[in-house]
Amino acid sequence: MKRYEKPLIFESSDLAEGVFADSGLISDVIEEPVPGTGEPPVQQDVPNSYSVMQTNRWDIYAQYNVTVTNGSASHVDTVTVLIGTTGTVTEVTGNIASYEVGNGCVSITFNNYGNGFDGGATNTFYVQVAGSADVGLV
């Protein structure tokens with residue numbers, strides 16, 4: 001079960017003109033055993049946070065650094081974030097495991113180059129988005 005929370009858009013004096021950043025939160029449901037009870041796992045809502053910063057743009061391409069954090073205390077193989085889009089996204093490439101586009105959003109799954117994420121780990125990945133002239137992540 002995933003729950004999307006609208007990204008926060010913020011300004012920073014450290015960013016160059018035409019470079020934007022935002023953040024958001026998506027929660028994954030993970031299962032962890034009940035300690036010492038022998039009971040089956042219980043589902044627990046774990047927030048994975050992310051931030052997006054545009055680093056370059058030309059023609060039909062926009063490049064970003066996407067920073068993701070595993071919100072759980074446990075190692076996970078992947079972290080998936082749901083990010084709003086502008087324009088028509090035709091392709092997402094870069095240091096990603098997979099992506100899906102739909103309903104004004106792109107769902108991007110990261111696997112940290114096949115290494116997964118330790119509990120609380122934060123990593124930054126390169127992402128390139130292609131599409132219409134006004135394509136981008138918001």
Side-chain angles (χ1 to χ4, degrees):
M1 169 199 258
K2 301 216 183 285
R3 181 176 63 237
Y4 174 72
E5 294 182 23
K6 185 176 178 179
L8 303 172
I9 299 175
F10 59 91
E11 290 184 47
S12 173
S13 60
D14 296 339
L15 298 178
E17 183 177 336
V19 177
F20 304 93
D22 66 21
S23 65
L25 182 70
I26 187 164
S27 295
D28 288 325
V29 175
I30 65 165
E31 294 184 358
E32 293 185 0
V34 178
T37 64
E39 294 293 317
V42 277
Q43 290 189 345
Q44 177 183 350
D45 230 3
V46 177
N48 294 320
S49 62
Y50 70 91
S51 64
V52 177
M53 184 169 53
Q54 183 177 330
T55 58
N56 201 359
R57 180 175 204 57
W58 74 99
D59 297 330
I60 62 167
Y61 301 98
Q63 294 176 330
Y64 300 89
N65 284 337
V66 179
T67 302
V68 297
T69 299
N70 171 13
S72 78
S74 303
H75 180 87
V76 295
D77 292 331
T78 62
V79 171
T80 300
V81 295
L82 186 64
I83 305 171
T85 60
T86 59
T88 302
V89 174
T90 57
E91 184 178 38
V92 179
T93 58
N95 300 331
I96 66 172
S98 64
Y99 75 95
E100 289 184 38
V101 177
N103 297 327
C105 293
V106 61
S107 173
I108 304 174
T109 300
F110 300 91
N111 67 1
N112 195 21
Y113 310 99
N115 297 312
F117 299 86
D118 290 333
T122 298
N123 298 81
T124 300
F125 301 98
Y126 164 83
V127 174
Q128 180 173 291
V129 179
S132 61
D134 61 345
V135 71
L137 301 178
V138 293

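Within the structure, the ring-ring contact (aromatic ring centres under 6.0 Å, His included) test picks out the following pairs touching residues 70-112 (sequence neighbours left out): Phe110-Phe125.
For the pair Asp77/Phe117, no side-chain contact is recorded, criterion being any heavy-atom separation below 4.5 Å from C-beta on. You'll find the side chain of Asn115 stays beyond 4.5 Å of the side chain of Asn111, heavy atoms only.
With Tyr50 as the fixed residue, the side-chain contact (heavy atoms from CB on, under 4.5 Å) test singles out one of Thr69, Ile83, Val79, Leu82: Ile83.
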Using a 3.5 Å cut-off and no angle test, enumerate the donor-acceptor pairs between side-chain atoms of residues 126-138 and protein atoms at least two apart in sequence or in another chain.
unit_1 : atom_1 : unit_2 : atom_2 : d
Tyr126 : OH     : Gln63  : NE2    : 2.8
Tyr126 : OH     : Gln128 : OE1    : 3.0
Gln128 : OE1    : Gln63  : NE2    : 3.2
Ser132 : OG     : Thr88  : N      : 2.9
Ser132 : OG     : Asp134 : OD1    : 2.7

*Could you go through the side chain to side chain contact (heavy atoms under 4.5 Å, CB included) check for Ile108 and Val92 one step at a time?*
CA-CA 8 Å; Ile108 304 174; Val92 179; 4.1 Å; yes
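Criterion: ILVMFWY side-chain heavy atoms under 4.5 Å apart, direct or through other members. Under it, Tyr64 and Val101 are part of a common hydrophobic cluster. Under the 4.5 Å side-chain contact rule for hydrophobic residues, Ile96 and Val68 share a cluster.
Judged by distance alone, with hydrogens and angles left aside, the side-chain atoms of Asn70 form a donor-acceptor pair with the main-chain N or O of Asp118 at under 3.5 Å. Side-chain atoms of Asn112 never come within 3.5 Å of backbone atoms of Gly114 as a donor-acceptor pair (strictly under, hydrogens ignored).
Taking the side chain to side chain donor-acceptor pair (under 3.5 Å) definition, one finds that Thr124 meets it with Thr67, sequence neighbours left out.
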